[in-house]
Protein chains: 2
Amino acid sequence: MSLPHAILTALLEKPSSGLELTRRFDKSIGYFWSATHQQIYRELGKLEGEGLIRTLPAEQPARGQKKRYEVLPAGRAELARWTAAAQDPKPQRDVLLLRLRAAAVVGTAGLEADLRRHLELHRRQLTEYQEIERRDFPPDRDAPQDRLRHLVLRAGIDLETFWTRWLTHALTELAALPDEGPPPDPRTPDNTPA
Amino acid sequence: MSLPHAILTALLEKPSSGLELTRRFDKSIGYFWSATHQQIYRELGKLEGEGLIRTLPAEQPARGQKKRYEVLPAGRAELARWTAAAQDPKPQRDVLLLRLRAAAVVGTAGLEADLRRHLELHRRQLTEYQEIERRDFPPDRDAPQDRLRHLVLRAGIDLETFWTRWLTHALTELAALPDEGPPPDPRTPDNTPA
DNA sequence: TGATACATGTAACGTGTTACATGATTCA
DNA sequence: TGAATCATGTAACACGTTACATGTATCA
């Protein structure tokens, strides 16, 4: 139940059409939440049906026509409620860690290349965030509202930093491993006794 | 498409029944992948249908009866294929960061309590992981297969460390903020001009 | 025999993903 | 007028979540 609140937040910061939202989700919003245009249109329909947002008046709703949305008071209230409500952290799920664990069982063949690729992606993401920081949060003293936004960006930066370090370490470990990690181990059942 | 591979990995490490798997996913597997028993049973059925796993022979399939599964050669091959295949990182989605960003818009009322709760949860998780590390990976020189498992656990530990630090910092910032973050800002439309 | 824990499931729904469809606008 | 781009959408499916259902074993 977070996508609608991500959209409400984005619309409060600036009323937008579906496609404009999609672009903002790809850019600045992307470092804490991502969404495709299909999700966004689906959700905009729901939110309008629930009376939390509305299309700006004086816009005809034809199919290929731009439609700008803005948040209604009920929408702002719902967002405030949700922000303050207690929520449990999402259970952990990380594909890369799972793959490493799987490699401990079936061997590390072919892993290294993709780890390098991920390292490169995270490095690029990191420098991108650092540029945003330089541009949007110049040294010392941002306005009160900006301190929270800066805090969120810092989390993004620190997480990317963590992943680049961890991946670097992982590659070192991989290289130091005996040639094929665990031996092929053909102990899989062809006719294993009970 | 990761849950089946998480199950294959777990079953290769040790053949298990559905409920045993559920327990292992709650414990040691939980720091890189989580799953409920409903997901696990659903997926075990699929995997068996695809010929990647089978129930250990000499077990009657009654409803309340234990059923142990083991991985077939085709299953091991599929896991090895998946482990080596290139995969893009999952798009970022973090509820806590989203809430902070929302708070920058609708105000920070009620946030602090839940941040403290999260901090406490992450601290507890961290010490739990550290105990696993002390117990399962005694100082220096683990066996080759264990180095990868240790690496995965280190990621879990470092991530929890990051979150406790970040939350501590976030609480400091919150406290330093003017009483209600951004002013109530009743600029929501009642009749806003174009 | 009745309660409790163990063990395996079904059903319904919300969200995320991928592929495709349709109308409007622009410009060569 | 035809291709490319902008903009809004539909459809189908995979996965995760929550609530509930059913059968077995144990033991008071």
Side-chain angles (χ1 to χ4, degrees), chain A residues 1-8 11 15-26 29-30 32-50 52-56 59-69 78 82 87-95 98, chain B residues 1-8 11 15-26 29-30 32-50 52-56 59-69 78 82 87-95 98:
Chain A
M1 293 302 266
S2 299
L3 175 59
H5 303 97
I7 291 179
L8 288 173
L11 285 182
S16 309
S17 70
L19 196 65
E20 283 165 358
L21 276 179
T22 303
R23 295 214 176 96
R24 293 174 58 202
F25 271 80
D26 281 344
I29 301 180
F32 57 91
W33 205 265
S34 78
T36 63
H37 82 272
Q38 292 91 335
Q39 286 179 274
I40 289 169
Y41 285 120
R42 186 204 278 165
E43 202 61 42
L44 283 173
K46 277 196 213 173
L47 288 170
E48 192 178 17
E50 293 165 346
L52 301 187
I53 64 175
R54 68 167 180 191
T55 70
L56 281 176
E59 322 237 359
Q60 65 284 57
R63 193 175 171 104
Q65 218 69 35
K66 213 179 241 188
K67 243 200 287 188
R68 297 177 77 80
Y69 291 91
E78 165 56 23
W82 177 83
Q87 297 183 48
D88 287 333
K90 288 268 139 188
Q92 183 72 11
R93 248 173 224 130
D94 190 284
V95 183
L98 173 56
Chain B
M1 291 300 269
S2 299
L3 174 59
H5 303 97
I7 292 180
L8 288 173
L11 285 182
S16 308
S17 69
L19 196 65
E20 284 165 357
L21 276 179
T22 303
R23 295 214 174 95
R24 293 173 58 201
F25 271 80
D26 280 345
I29 300 179
F32 57 92
W33 206 267
S34 78
T36 64
H37 81 271
Q38 293 91 334
Q39 286 179 276
I40 288 169
Y41 285 119
R42 186 206 275 165
E43 202 61 42
L44 283 172
K46 276 196 213 171
L47 287 170
E48 192 178 15
E50 294 166 345
L52 302 187
I53 64 176
R54 68 166 179 190
T55 69
L56 281 175
E59 323 237 357
Q60 65 282 58
R63 194 176 168 101
Q65 219 67 35
K66 211 180 242 189
K67 240 201 289 190
R68 299 177 76 79
Y69 291 91
E78 164 56 23
W82 177 83
Q87 296 183 50
D88 287 333
K90 287 269 141 193
Q92 183 72 11
R93 247 171 224 133
D94 189 286
V95 183
L98 173 56

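Sequence lines set the chain letters: A, B, ... in the order given, protein chains first and strands last, and positions in each chain run from 1.
Separating the CD1 atom of B:Ile7 from the P atom of C:dT8 is a distance of 13 Å, rounded to the nearest angstrom. If you measure from atom CG of B:Leu44 to atom P of C:dG9, you get 8 Å, rounded to the nearest angstrom. Atom CG of B:Leu19 is separated from atom P of C:dT8 by 6 Å (rounded to the nearest Å). The interatomic distance linking A:His37 (NE2) with C:dT18 (C1') rounds to 11 Å, in whole Å. With rounding to whole Å, B:Gln87 atom CD is found 15 Å from C:dT17 atom C1'.
Between A:Leu98 and B:Ser2, the closest heavy-atom pair is CD2-O, 3.6 Å.
Residues satisfying the salt bridge (Lys or Arg N to Asp or Glu O under 4.0 Å) test with A:Glu43, not counting sequence neighbours, are none. The side chain to side chain donor-acceptor pair (under 3.5 Å) check on A:Glu50 picks up nothing, with sequence neighbours excluded. When the side chain to side chain donor-acceptor pair (under 3.5 Å) test is applied to A:Gln38, the partners found at least two apart in sequence or on another chain are A:Thr36. Evaluation of the ring-ring contact (aromatic ring centres under 6.0 Å, His included) rule for B:Phe25 yields no partner, not counting sequence neighbours. For A:Trp82, the ring-ring contact (aromatic ring centres under 6.0 Å, His included) partners are A:His5, not counting sequence neighbours. Under the side chain to side chain contact (heavy atoms under 4.5 Å, CB included) criterion, A:Gln92 pairs with A:Asp94, B:Leu159, sequence neighbours left out. When the side chain to side chain contact (heavy atoms under 4.5 Å, CB included) test is applied to A:Ser16, the partners found at least two apart in sequence or on another chain are A:Leu11, A:Lys14, A:Glu20, A:Leu21, A:Arg24.
Each end of the helix from C:dT1-D:dA28 to C:dA28-D:dT1 gets its own axis from five base pairs, and the two axes differ in direction by 10°, given to 10 degrees.
Picking from C:dT8, D:dC6, D:dG9 the nucleotide with the shortest atom distance to the side chain of A:Lys67 gives D:dG9.
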Contacts under 3.5 Å, N or O only, protein and nucleotides 15-18 of chain D:
residue: D:dC15; atom: OP1; partner: B:Met1; partner atom: N; Å: 3.3
residue: D:dG16; atom: OP2; partner: B:Gln39; partner atom: NE2; Å: 2.6
residue: D:dG16; atom: O5'; partner: B:Gln39; partner atom: NE2; Å: 3.2
residue: D:dG16; atom: O3'; partner: A:Arg93; partner atom: NH1; Å: 3.4
residue: D:dG16; atom: N7; partner: B:Arg42; partner atom: NH1; Å: 3.1
residue: D:dG16; atom: O6; partner: B:Arg42; partner atom: NH2; Å: 3.0
residue: D:dT17; atom: OP2; partner: A:Arg93; partner atom: NH2; Å: 2.9
residue: D:dT17; atom: O4; partner: B:Arg42; partner atom: NH2; Å: 3.2

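For D:dT8, the OP1/OP2 oxygens have a side-chain nitrogen or oxygen of A:Tyr41 closer than 4.0 Å.
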